Structure formats: structure tokens, C-alpha cells
2 protein chains.
Amino acid sequence: MPITVLLVDDEPLVRAGLRAVLEAQADIEVVGEAADGAAVIPLVRRLRPDVVAMDVRMPLMDGIEATRALLRTVPDPPKILVITTFENDEYVYEALRAGADGFLLKRARPAEIVHAVRLVAEGESLLFPASVRQLAAQYGDGDGGNRAARAVLERARLTEREAEVLRLMARGLSNAEIAARLVVGTETVKSHVSAVLAKLGARDRTQAVIVAYESGFVAPG
Amino acid sequence: MPITVLLVDDEPLVRAGLRAVLEAQADIEVVGEAADGAAVIPLVRRLRPDVVAMDVRMPLMDGIEATRALLRTVPDPPKILVITTFENDEYVYEALRAGADGFLLKRARPAEIVHAVRLVAEGESLLFPASVRQLAAQYGDGDGGNRAARAVLERARLTEREAEVLRLMARGLSNAEIAARLVVGTETVKSHVSAVLAKLGARDRTQAVIVAYESGFVAPG
DNA sequence: CTCCGTCTCCCCCGCCCGGGGGAGGCCCGT
DNA sequence: ACGGGCCTCCCCCGGGCGGGGGAGACGGAG
């Protein structure tokens, strides 16, 4: 059975583009469209799509509110893929915090869009890597990925402390060990870790470390 | 205060070598030596070293037994660094399973030995990366790290299934997600994960994923 | 045939992890 | 003086994780 997708975006052009890209795939079927978040819930109830691909910024109800509403009111809710125009959109992090499963840049290549839909449909909520990887590539390897790493930092808006904590996570330290190393309480470390997870859109520290490697924030070898 | 170390090895030459290397460090002090595992427990009780650097293969009581005995009978036991001659020593995995905190090749460079001692003293039990990294380097990048990855597999003796599970761990999947993907029970996945952790000398899945990246078993980008 | 490794699943258990709140102190910029 | 961001620490809570056992089925090696 194909992956069923509901498109939610206020721009018809974007919906059409997504539909064209997705329908070209044999295993993906677009089962409906909506122009605003306010219309999402009844549609989801009726169509029961596997994935909702939804713009963050919409006139009546934005993607964040719609995400919250979906997860709150619909039993066995679909996977939510948030669509955004801007590289650096706070709304996206809000949406991820609200429970969205992934995000997608509108300017992404078709293959990436398809890939993202398949990923979230499979239940994987890790999506930073793809976009962040391309970010690293675009910066080239001028100074061994540090530029890219800094760019990732900027994008995720990690504070210095959070970045420090992420570095230690990426060395395999537990919260207690990080606390000992930084000479703070474990509760403090937990706060930082939670912040890092939220900002990276990671579900647990393992995913955060994966993002760290994939983005070049930490380098193997 | 310096890191205090107890050396346990049946070869005097090795003990002397370790002593020379370690004593050259201002922050490390060798407080005692023993020629066999059987002598370890009373010595540890008396000297209370931070780290015990111990050969796996010894005439009377081997490093595995000594490790078990230490952890069982000594309250607040020292960190245990297992020393081995062979790259591919089953005994090492046994020792790690028994609770040793790290392992060390006899042919390692002095800097690595010192580093390993400091690491375990700090309470970090992650040690594969360094040796595995050098393994990857030695294989060069003939086919993009796959040779090295295969070598790592061989060294850790991961079964096919375990390797598959590790790959999915390195993509950020939870046990439940891995179970769904492989169409097996979560208990089965837990078994495989535990096996992977033991064989890699990793404490948790995060460390396992780090090893996967550091070894080239999975490649970023 | 018997042994052994692999894959599968089961039990119990403790604990770390992560989510959800909140709160106080600090510095900085307005 | 006030707000806001950051760092720090606190509470409660559930669930996933990992350890330690065991066990059955299968297949290949001896």
C-alpha cells in the first residue's frame, strides 16, 4: 500500500509542486489538500493520511498550532512534515517542539522531498542531517568543516554552553559525567541537553550525536 | 593529586616499560606492581590506586577473573585498564564484559598509553575509537572506508544481524523502531543491542554510534 | 550425532534519560 | 528601571534502556 499524504499550504503553487513531485512516485499518493491549518483536523479524520506535509506560516492557523491540535485531538495521528521557506525559521523549531516529525525547505530538490516523506512515513524523526549536510557541502571544506559547524550552530542557535554540552555528548559522556566535567549539577546538564535536543529536532542524545557528526560539528578521526 | 596506577603483568619488561612511560607524566604515579592477578586484591585494598593496568593473560589468575574478583569484593573499586598483546583478543571482550573500563594494546605508542590511563581515570569507558581510528587509517581509503569498516566488524566479531542493528542505531532508531523495521520482537532487538554494546566496549547506544562513526563503519555525509 | 554459534523471545529489575513544569541570579541592552 | 537571554538548580513522572539471567530452534562443523 502506498504512503498517503495530505498537503497543507496556503499557496496553490506550492501544493501543485508538491503534488507533482510526490505523485511521480509509485509508492506515494496525495490524498488531499488544504489551504490552511484550520481545515486540517477534519480532513485528517476523514482521509487518515500517513503523512501531513504542512507549511509553518499560514493565514488562519499556523503549522505549529495545527500540529499541536492534531496531536492533541486525533488518535493515532499522522506523521507531520513541516514545510518552510526560510533556512532559519524559528517557527520550525517551535513546530518540532510541538511534535512535528520533520521539516523540509521549499527549495529542496525533488529527490530530497520524496526522501523526507518516505523517512517520516517510516517513523524516523531524524531529518536534520540531509539539510545540514548540504549546508556543509555548500560551505565547502575551507577550514575542515569548522565553517559549516559554525553555520550549524548559528542555524540551531545553540548557546555556547549548549554547544559545549553537545561536544561532550558526542564523546559519549553521560549526564552525570558531563556535570562532573563542567562542575555543575546534573539537573543543569539535563536542562542543557533538553535544549540541545529541542533545537536540533533530536529525540534523544543518540540522534543529537548523529546530527553532530553529520553536520561536521564534530569530526571523526 | 596525581593519578595513582597499579601495574599487573607477568612480564617484568612490560611492567618496566609501562612504569617508564607513565612516570614520565607529572600527573601520573605508579604506586605498585604485581606479576599475577591473584595478588591484585590485597594490593588494591592497601594501595587504593585510581587505575589498575592489567594484562589479560597471566599464569595463575587471568585479567578477566581478576576483574570480576575486584568488582565483586572491593568497595569503590579502581578503574580497570586491560592490556593485551593481540589485536584480536577474545579475552579483551570477556574482560570488558566483566566490567573492565578500557583496553590497551601493548604496542601502542606511549602517548596513547598515557591518554588511555587518563581517560579511564576520568571515568570515561570509551576507548575503542583511538585504536579503531588508526586501523581505519592503516587501511587507507581504498574504497571509502568500507575496508576499514569490514576490518572493524571482523575485530569486534559482530554478527550480520548485530551489524544490521548497529547500522539502524546509527540512524537514530529506537529499539522499538528497529524491531518494526526488522520484523522481530523488541526483546530480540534488545539482545542484539546488548551484544553490540558488549563487543564494542560501549556503555550505551550513544557510545556505540560514536564508535560506528569513528571507525568508519558508518560514514557521515 | 553432538556441539556450538546465531537468532529469536522471555523474565525481572534498576536507573538513567527526557518531558513538563517552575524559579532565582546574572548580565546586557534599551 | 525594566525586559530578555542565559545559566543554574529544583520538582515530579513515565518510559525506554541496559544488565543479568534463561531458553528454544535452527544449521553448520566437528
Side-chain angles (χ1 to χ4, degrees), chain A residues 67-68 71-72 90 93-94 96-100 123 125-126 153-154 156-166 168-169 172-209 211, chain B residues 67-68 71-72 90 93-101 123 125-126 153-154 156-166 168-169 172-209 211:
Chain A
T67 297
R68 289 209 188 89
L71 296 179
R72 204 173 48 228
E90 330 278 346
Y93 301 113
E94 272 295 331
L96 291 173
R97 256 182 289 263
S125 56
L126 187 64
L153 264 188
E154 233 175 272
R157 300 199 180 297
L158 292 187
T159 66
E160 271 190 44
R161 204 54 159 172
E162 287 161 358
E164 208 170 352
V165 168
L166 177 56
L168 294 175
M169 282 195 270
L173 304 208
S174 67
N175 288 340
E177 287 168 342
I178 294 174
R181 180 73 66 92
L182 300 183
V183 199
V184 297
T186 59
E187 297 300 327
T188 302
V189 173
K190 285 178 62 178
S191 292
H192 291 316
V193 169
S194 289
V196 169
L197 298 186
K199 288 183 177 179
L200 295 186
R203 190 179 48 195
D204 50 51
R205 67 202 298 109
T206 305
Q207 290 193 350
V209 168
V211 171
Chain B
T67 297
R68 288 209 188 90
L71 297 180
R72 204 173 48 230
E90 330 279 347
Y93 301 113
E94 271 296 331
L96 292 173
R97 256 183 289 264
D101 300 285
S125 57
L126 188 65
L153 264 188
E154 235 174 87
R157 299 200 180 297
L158 291 186
T159 66
E160 271 190 44
R161 205 54 161 171
E162 286 159 0
E164 207 169 354
V165 167
L166 177 56
L168 294 175
M169 283 194 272
L173 304 209
S174 67
N175 287 340
E177 287 168 342
I178 294 173
R181 179 72 66 91
L182 299 183
V183 200
V184 297
T186 59
E187 297 300 325
T188 303
V189 173
K190 285 179 62 179
S191 291
H192 291 316
V193 169
S194 289
V196 168
L197 298 186
K199 288 182 177 179
L200 295 186
R203 190 179 48 195
D204 50 51
R205 66 203 298 109
T206 305
Q207 291 193 350
V209 168
V211 171

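Residue numbers begin at 1 in each chain, while the letters A, B, ... track the order of the sequences. No experiment lies behind these values; they were computed from the predicted model shown. Heavy atoms only: backbone and side chains are in, while hydrogens, waters and symmetry mates are out.
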Could you pull out the closest heavy-atom pair between B:Ala208 and B:Leu197, with the gap in Å? CB-CD2, 3.8 Å
Looking at every non-hydrogen atom in both residues, tell me the closest pair between B:Val209 and B:Met169 and how far apart they are.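 Taking every non-hydrogen atom into account, CG2-O, 3.5 Å.
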Figure out the [atom1]/[atom2] separation between [X] and [N], and round it to whole Å.
X        : N      : atom1 : atom2 : value
B:Met169 : D:dC17 : CE    : P     : 11 Å
A:Asp204 : D:dG15 : CG    : P     : 17 Å
B:Glu177 : D:dG16 : CD    : C1'   : 12 Å
B:Ile178 : C:dT8  : CD1   : P     : 13 Å
A:Arg205 : D:dG15 : CZ    : P     : 21 Å

Could you give the distance from OG1 (A:Thr206) to CD (B:Gln207), rounded to the nearest 0.5 Å?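 Reported to 0.5 Å precision, the distance equals 10.5 Å.
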Out of curiosity, B:Thr186 OG1 to B:Ile178 CD1, how far, rounded to the nearest 0.5 Å?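 The OG1 atom of B:Thr186 sits 11.0 Å away from the CD1 atom of B:Ile178.
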Among C:dC17, D:dC17, D:dG18, which nucleotide sits nearest the side chain of B:Ser174?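 Nearest to the side-chain atoms of B:Ser174, counting from C-beta on, is D:dC17.
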Quick one: is B:Arg203 getting a side-chain N or O under 4.0 Å of the D:dG18 phosphate, OP1 or OP2? no
Counting only side-chain N and O atoms of A:Asn175, is one of them less than 4.0 Å from OP1 or OP2 of C:dC17?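 So the side-chain polar atoms of A:Asn175 do come within 4.0 Å of the phosphate oxygens OP1 or OP2 of C:dC17, strictly under.
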Pairing residues for A:Glu164 by the side chain to side chain donor-acceptor pair (under 3.5 Å) criterion, not counting sequence neighbours: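 A:Glu164: side chain to side chain donor-acceptor pair (under 3.5 Å) contacts with A:Arg161.
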Of all residues at least two apart in sequence or in a different chain, which pass the side chain to side chain contact (heavy atoms under 4.5 Å, CB included) check with [X]?
X        : result
B:Ser174 : A:Arg203, B:Ala176, B:Glu177
A:Asn175 : A:Val189, A:Lys190, A:Val193, A:Arg205
B:Thr188 : B:Val184, B:His192

Given the rule in the side chain to side chain contact (heavy atoms under 4.5 Å, CB included) test, do A:Glu162 and A:Val165 qualify, once you have shown the distances and angles that lead to the verdict? CA-CA 5 Å; A:Glu162 287 161 358; A:Val165 168; 5.6 Å; no
Give me, pair by pair, the N or O atoms of the protein and of nucleotides 7-13 of chain D that are less than 3.5 Å apart, along with how far apart they are.
from, atom 1, to, atom 2, distance (Å)
D:dC7, OP1, A:Arg161, N, 3.1
D:dC7, OP2, A:Thr159, OG1, 2.6
D:dT8, OP1, A:Arg161, NE, 3.4
D:dT8, OP1, A:Arg161, NH2, 2.8
D:dT8, OP2, A:Arg161, NE, 3.0
D:dT8, OP2, A:His192, NE2, 2.9
D:dC9, OP2, A:Gly185, N, 2.5
D:dC9, OP2, A:Thr188, OG1, 2.5
D:dC9, O5', A:Thr188, OG1, 3.2
D:dC9, N4, A:Ser191, OG, 2.9

Degree of bending, the helix from C:dC1-D:dG30 to C:dC15-D:dG16 (end axes from five pairs; round to 10°): 10°
